Amino acid sequence: MTNLIYILNGPNLNLLGKRQPEIYGHDTLADVEANCAVVAKEFGLEGRLLQSNHEGQIIDWIHEARENGAGIIINPGAFTHTSVAIFDALNTFEGPVLEVHISNVHKRESFRHHSYVSLRAEGVIAGFGVEGYALAMRRMGSLVGK
Ligand code: DQA
């Protein structure tokens, strides 16, 4: 049994901490990775945080998770609202999928209100800032941890 949780991040999230800090805050993806690692350890899990600006790369990582992942935490960025391909890829994964958004997408433009990924995800966290990732990891602990 694998204990690996993929933490997948989509476009522009490499700029987390620098990009629109009034919306996304000052923490970076490295901070997110460190926070998730602490929670993951509590549950005997291991997090693998990855980020890409390319849809196909995210799909390849989802396929990789099919082989060796226990769960997927995903913030697909803007692909959330556009990507049937990421939705299809997530549907090939058998473990739990949790969707995270740093901002409260429902308080923002109407094009951010629809998520393809939510049609697949077991749970969604939005508007909890970067803390949402650690909360999602805690939930992963309940779902697949020891
Ligand atoms: C986001 C929300 C998306 O609408 C946006 O395109 C992002 C980040 C979030 O984490 O709040 O890039 O997923």
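This is a predicted model, so every value here is computed, not measured. Just follow the structure's listing: the first ligand is 1, and inside any ligand the first atom is 1. If you read the sequence from its start, that first residue is 1, and numbering goes on from there.
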Are any of the N/O atoms in Arg108 less than 3.5 Å from those in ligand 1?
no

Please tell me if the side chains of Thr92 and Asp88 come closer than 4.5 Å, counting only heavy atoms from C-beta onward.
no

His101 vs Phe128 side-chain heavy atoms within contact, under 4.5 Å
no

Under a 4.0 Å heavy-atom limit, does Asn75 contact ligand 1 with its side chain, its backbone, both, or neither?
side chain

Write out the residue and atom name of the closest protein heavy atom to atom 11 (O) of ligand 1, then the distance separating them to 0.1 Å.
Ser103 OG, 2.6 Å

Does an N or O from Ala78, backbone or side chain, lie closer than 3.5 Å to an N or O of ligand 1?
yes

Closest contact, heavy atoms only, Asn68 versus Leu4:
O-CB, 3.5 Å

Work out whether the distance between some heavy atom of Val105 and some atom of ligand 1 is less than 4.0 Å.
yes

Any heavy atom of Arg19 under 4.0 Å from ligand 1? The part involved is side chain

What is the minimum heavy-atom distance between Ile58 and Ile86, and which atoms define it?
CG2-CD1, 4.0 Å

Atom 9 (C) of ligand 1: closest protein heavy atom, distance to 0.1 Å, is Ile102 N, 3.3 Å

With a cut-off of 4.0 Å, which atoms of ligand 1 are near a heavy atom of His81?
3 (C), 4 (O)

Ring centres under 6.0 Å, that's the criterion: do Tyr116 and His114 meet it?
yes

Should we count NE2 of His54 as having more than 12 external heavy atoms under 6.0 Å?
no

May I ask whether His113 places a heavy atom under 4.0 Å from ligand 1?
no

Counting from 1, what ligand 1 atoms have a heavy atom of Tyr24 closer than 4.0 Å?
5 (C), 7 (C), 8 (C), 9 (C), 11 (O)

for atom 1 (C) of ligand 1, nearest protein heavy atom and its distance come out as His101 ND1, 3.8 Å

Which part of Arg112 is near ligand 1, with near meaning a heavy atom under 4.0 Å away: side chain, backbone, both or neither?
side chain

Among residues at least two apart in sequence or on other chains, which ones pass salt bridge (Lys or Arg N to Asp or Glu O under 4.0 Å) with Arg112?
Glu109

Do you know the tightest heavy-atom contact between Pro11 and Gln51?
CA-NE2, 4.2 Å

